[in-house]
Amino acid sequence: QVLLVESGGGLVQAGGSLRLSCTASVRNVEALDLGWFRQTPGKGRAGVSCVSWNDANKYYSASVKGRFTITRDNAKNMIYLQMNTLKPEDTAMYYCAAGILRVGVCRPDLDYWGQGTQVTVSS
């Protein structure tokens with residue numbers, strides 16, 4: 001069985017911080033790329049941050065670079081997204097995902113997905 005479960009979303013004021021967590025019940029997770037994606041109503045799902053299977057490469061979208069940090073803990077089957085200095089533009093449904101990515105890309109074409117957790121940033 002494959003299951004990704006996210007938590008940590010909620011309401012926060014602009015400038016605040018949130019830490020998203022995802023438990024990935026996926027066999028051989030240590031061999032998979034992981035990522036966080038977000039989606040707003042009427043818009044496509046876009047990459048926020050991805051990390052390669054060996055933790056050697058990390059990607060951040062231009063809008064979050066310097067504010068967000070992705071971390072993986074293979075021993076605990078966990079992936080985290082630390083979000084600092086949040087902006088109203090960060091408001092979205094956030095999803096964690098696992099699979100195999102092409103080198104240097106962070107696109108929503110991974111195999112396994114969580115259910116999403118809502119992040120709302122007020123001004």
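Quick note: numbers below take in every heavy atom, side chains included, and nothing from hydrogens, waters or symmetry partners.
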Just list the side-chain donor-acceptor pairs under 3.5 Å for residues 79-92, sequence neighbours left out, or say none.
from : atom 1 : to   : atom 2 : distance (Å)
Q82  : NE2    : N84  : OD1    : 3.0
N84  : OD1    : S17  : OG     : 2.9
D90  : OD1    : R38  : NH1    : 3.0
D90  : OD1    : R67  : NH2    : 3.1
D90  : OD2    : R67  : NH1    : 2.8
D90  : OD2    : R67  : NH2    : 3.4
D90  : OD2    : K87  : N      : 2.8
T91  : OG1    : P88  : O      : 3.0
T91  : OG1    : V121 : N      : 2.9
T91  : OG1    : V121 : O      : 3.4

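- To the nearest 0.5 angstrom, L18 atom CG is 6.5 Å from L20 atom CG.
- In this structure, the side chain of R72 engages the main chain of S52 through a donor-acceptor pair within 3.5 Å.
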Given the rule in the side chain to side chain contact (heavy atoms under 4.5 Å, CB included) test, do N57 and V51 qualify, once you have shown the distances and angles that lead to the verdict?
-> CA-CA 6 Å; N57 301 302; V51 56; over 6 Å; no

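- Distance CG/N77 to SG/C22: 10.0 Å, rounded to 0.5 Å.
- Residues V64 and V119 share a hydrophobic cluster, clusters being chains of Ile/Leu/Val/Met/Phe/Trp/Tyr side chains in contact below 4.5 Å.
- V29 and A24 get closest at one heavy-atom pair: CG2-CB, 4.4 Å.
- One finds the OG1 atom of T23 at 8.5 Å from the CG atom of L4 (value rounded to the nearest 0.5 Å).
- Between K58 and I70, the shortest heavy-atom distance links the atoms NZ-O, 3.0 Å.
- Under the 30°/60° scheme for interplanar angles, the aromatic rings of Y95 and W113 are found to stand perpendicular.
- Hydrophobic cluster membership is shared by L110 and M93, with clusters built from Ile, Leu, Val, Met, Phe, Trp and Tyr side chains linked at under 4.5 angstrom.
- Here the closest heavy-atom approach between residue C106 and residue S49 is recorded as SG-C, 3.6 Å.
- Sorted by first and then second residue, the salt bridge (charged side-chain N to carboxylate O under 4.0 Å, His left out) pairs with a member in residues 96-116 form an empty list; sequence neighbours excluded.
- Minimum interatomic distance between M78 and S21 (heavy atoms only, all atoms of both residues): CE-CB, 3.9 Å.
- Criterion: ILVMFWY side-chain heavy atoms under 4.5 Å apart, direct or through other members. Under it, V2 and L32 are part of a common hydrophobic cluster.
- The side-chain heavy atoms of L3 and Y112, taken from C-beta on, include no pair separated by under 4.5 Å.
- No single ILVMFWY cluster, assembled from side-chain heavy atoms under 4.5 Å apart, contains both L34 and F37.
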